[in-house]
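Here is the naming used below: chain letters follow the sequence lines, and residue numbers restart at 1 for every chain. Please read all numbers here as calculations on a predicted model, not as lab measurements.
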2 protein chains.
Amino acid sequence: MSLTRVGVDLLAGSVAYRAGMTVSSDLTGRARLREAALRLFAERGFEATSARAVAAAAGLSPALVIHHFGSKEGLRAAVDEEVLGRIGAALRDADALAGEGAEAGTGTGAGAGAGTGADVMAAVGAVSARMFGADPVLRGYLRRVLQEESAASAALFARLLRGARAELDRLAAAEGADATDARWAPFQMLCLILGPLLLEPVMQPNLDQPMFDPQVLASRSAANQHLLRHGLFGPAPSPSTRG
Amino acid sequence: MSLTRVGVDLLAGSVAYRAGMTVSSDLTGRARLREAALRLFAERGFEATSARAVAAAAGLSPALVIHHFGSKEGLRAAVDEEVLGRIGAALRDADALAGEGAEAGTGTGAGAGAGTGADVMAAVGAVSARMFGADPVLRGYLRRVLQEESAASAALFARLLRGARAELDRLAAAEGADATDARWAPFQMLCLILGPLLLEPVMQPNLDQPMFDPQVLASRSAANQHLLRHGLFGPAPSPSTRG
DNA sequence: AGCGGGGCTAAACATGTGTTCAGTCTATTG
DNA sequence: CAATAGACTGAACACATGTTTAGCCCCGCT
């Protein structure tokens with residue numbers, strides 16, 4: 001049972017597979033199948049991807065899909081679990097990071113309310129970059145998942161909603177006032193963050209740069225910060241506008 | 001060639017079918033098939049919907065799909081054309097309405113800048129309500145279409161983007177200032193409007209009322225107006241908050 | 001009346017699908 | 001070494017799919 005970590009798996013070390021399944025080396029065909037499925041599902045969608053195509057992409061026999069995952073649906077579940085695990089880990093890291101940032105902001109006395117707020121929003125931007133910017137495959141898969149009404153997607157969105165509410169609380173504390181419409185605020189925040197993710201295929205053709213390029217993403221994140229705090233027509237931010 | 005309009009077809013009178021096809025009465029199986037396909041594609045997606053399922057839902061033979069549309073893909077194209085036609089008409093109406101509203105706002109001298117801005121935003125809300133609120137099937141289909149990277153979806157989004165820019169110009173004129181970040185502003189506006197549409201399946205479970213109910217939609221629209229103009233923490237709107 | 005055409009159908013076709021089966025190979029274990 | 005376990009395979013199965021074909025029925029024509 002040597003749990004040798006492979007480069008492919010990155011953050012997935014702590015993901016718990018379904019009970020009763022032996023957690024094997026994970027450089028084997030099982031992981032290859034899962035990875036190929038992730039890529040193809042993200043590209044073409046689940047229904048449009050055949051088990052044979054997944055197996056071919058992994059260089060294996062179609063029968064292995066059944067052998068390892070029980071069924072094609074089982075494969076999807078495994079991919080879901082894997083992806084949601086990665087995202088969960090990223091979110092957990094981000095939460096911890098945001099918490100540190102907030103404490104540091106008040107602790108060092110470095111900034112007025114605005115400074116702390118900016119820190120918080122920067123953390124949000126970092127989360128976005130980490131989750132969405134990094135991997136176009138992950139983006140594609142996430143895009144598909146968020147459109148279903150499965151239990152997994154509901155859980156993911158609920159998790160994001162909790163995160164948004166927490167960010168909003170921090171932002172409100174920094175701003176010294178509660179949001180005018182606390183009911184819709186978290187959803188608006190999520191729409192601003194997730195919208196470009198969901199709309200990427202139709203939005204990208206209207207831009208001259210790849211919209212999830214780090215710099216572009218930072219610029220959009222800054223615009224979102226500004227919108228949330230001051231509206232579209234508020235005062236221009238400090239002259240140091242990079243990006 | 002009696003072009004009797006049917007209730008089912010609503011706004012679709014001016015939609016031009018592909019050349020070479022005789023425009024028949026349109027209460028026939030062709031329309032029934034298209035309508036059934038619209039519903040099923042919206043519910044389950046194109047790939048997951050079989051031609052047989054469409055035919056069965058229309059109470060017709062599967063062979064008719066081929067006979068009328070050439071192929072399953074042809075059926076999809078017809079549905080796309082139909083839906084995009086309806087939306088185009090709604091947008092055209094909305095543009096006209098918004099134009100009138102803006103002229104009336106300045107003409108009657110009824111309002112300060114704020115008043116005109118509110119009128120403009122109300123128009124946007126009306127568009128949203130008209131396009132998205134009315135028909136859950138249309139919402140579902142739109143949700144699917146906006147996720148593809150087809151020519152049709154790109155055209156639709158480009159059209160929406162143009163609309164958003166126009167609204168933004170009007171809003172800026174009313175506000176007496178240009179948007180701080182003119183580059184992202186229209187996309188942000190679209191994300192706020194389209195986000196809930198795309199996220200409906202995962203967002204609805206977190207709400208206690210149907211999120212496209214007219215009242216709820218109006219409330220969300222108002223929140224969006226407020227966000228765009230004053231940010232999340234701006235001054236509360238006039239005490240007459242209905243919804 | 002005759003007749004041609006289009007809406008419409010049942011049955012069949014070819015293919016692709018998820019899945020099963022029987023068996024091979026390899027590595028670990030007793 | 002023998003045996004067991006599990007990764008893995010090619011071939012087959014049952015079924016669903018998009019599509020084709022041949023033909024029916026009814027309506028509008030000359």
Side-chain angles (χ1 to χ4, degrees), chain A residues 1-4 6 8-9 17-38 40-41 43-80 150, chain B residues 1-4 6 8-9 17-41 43-80:
Chain A
M1 312 243 183
S2 63
L3 273 174
T4 56
V6 194
V8 167
D9 271 311
Y17 295 122
R18 17 193 56 188
M21 279 202 157
T22 62
V23 179
S24 58
S25 152
D26 221 25
L27 128 146
T28 63
R30 188 188 159 100
R32 303 231 312 267
L33 281 173
R34 214 185 40 217
E35 219 57 31
L38 169 58
L40 291 178
F41 289 171
E43 271 177 26
R44 318 175 192 172
F46 176 76
E47 313 275 5
T49 304
S50 70
R52 279 175 172 81
V54 174
L60 297 171
S61 156
L64 266 192
V65 171
I66 308 298
H67 182 236
H68 279 306
F69 304 97
S71 69
K72 191 191 172 190
E73 202 66 37
L75 173 58
R76 171 195 232 161
V79 177
D80 275 359
S150 68
Chain B
M1 312 247 185
S2 64
L3 274 174
T4 56
V6 194
V8 167
D9 271 311
Y17 295 122
R18 14 195 57 191
M21 278 200 158
T22 62
V23 178
S24 59
S25 151
D26 221 25
L27 127 148
T28 63
R30 188 188 159 99
R32 304 232 311 268
L33 281 173
R34 214 184 39 216
E35 220 56 32
L38 169 57
R39 186 161 50 86
L40 291 179
F41 290 170
E43 270 177 25
R44 320 175 191 172
F46 175 77
E47 313 275 5
T49 303
S50 70
R52 279 174 171 82
V54 174
L60 297 172
S61 155
L64 266 191
V65 171
I66 309 299
H67 182 235
H68 280 305
F69 304 96
S71 68
K72 191 192 173 190
E73 202 66 38
L75 172 58
R76 170 195 233 160
V79 177
D80 274 359

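A sub-4.0 Å separation between OP1 or OP2 of D:dA7 and a side-chain N or O of A:Thr28 is absent. When the side-chain nitrogen and oxygen atoms of B:His67 are compared with OP1 and OP2 of C:dC8, none of them lie within a distance under 4.0 Å. Phosphate contact (OP1/OP2 of D:dA16, side-chain N/O of B:Ser50, threshold under 4.0 Å): absent.
Straight-line distance from the CG atom of A:Leu40 to the P atom of C:dG18: 12 Å, rounded to whole Å. For the pair A:Lys72 NZ and C:dT17 P, the computed distance is 9 Å after rounding to whole Å. Spacing between atom CG of A:Leu75 and atom P of C:dG18 amounts to 10 Å, rounded to whole angstrom units. At whole-Å resolution of the value, CZ in A:Arg30 and C1' in D:dG6 are 14 Å apart. Summarising the geometry, the separation between CZ on B:Phe46 and C1' on D:dT17 is reported as 12 Å, rounded to the nearest angstrom. Straight-line distance from the CZ atom of B:Arg76 to the C1' atom of D:dT19: 18 Å, rounded to whole Å. Whole-Å rounding puts the B:Ile66 CD1 to D:dT20 C1' distance at 9 Å. We find that CD of B:Glu47 is positioned 10 Å from P of D:dG18, with the value rounded to whole Å.
Heavy atoms only, all atoms of each residue included: A:Ala37 and A:Leu75 are closest at CB-CD2, 3.7 Å. Shown here for A:Lys72 and A:Ala51, the closest heavy-atom pair between the two residues is CE-N, 4.5 Å.
In terms of polar N and O atoms assigned as donor or acceptor, the side chain of B:Arg52 comes within less than 3.5 Å of the base of D:dG18 in a complementary pairing.
Ranking D:dT20, D:dG18, D:dC8 by closeness to the B:Ala63 side chain, first place goes to D:dT20. Taking every side-chain heavy atom of B:Leu60 into account, C:dC8 is the closest of D:dT9, C:dC8, C:dA10. In the set D:dT20, D:dG10, C:dC8, the nucleotide with an atom closest to the side chain of B:Leu64 is C:dC8.
With DNA chain D read from its 5' end, the first of the two nearest nucleotides for B:Ser71 and A:Ser61 is the one closest to A:Ser61.
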Original post:
Given B:Glu35 and B:Arg32, is the salt bridge (Lys or Arg N to Asp or Glu O under 4.0 Å) satisfied, shown in steps?
Top reply: CA-CA 5 Å; B:Glu35 220 56 32; B:Arg32 304 232 311 268; over 6 Å; no
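When heavy atoms are screened at a 4.0 angstrom cut-off, B:Ala51 is found touching the sugar-phosphate backbone but no base atom.
Put simply, the side chain of B:Glu43 reaches to within 4.5 Å of the side chain of B:Arg39, judged on heavy atoms.
Of the residues listed (B:Thr28, B:Leu64, B:Val79), the one engaging B:Leu33 in a side chain to side chain contact (heavy atoms under 4.5 Å, CB included) is B:Leu64, and it is the only one.
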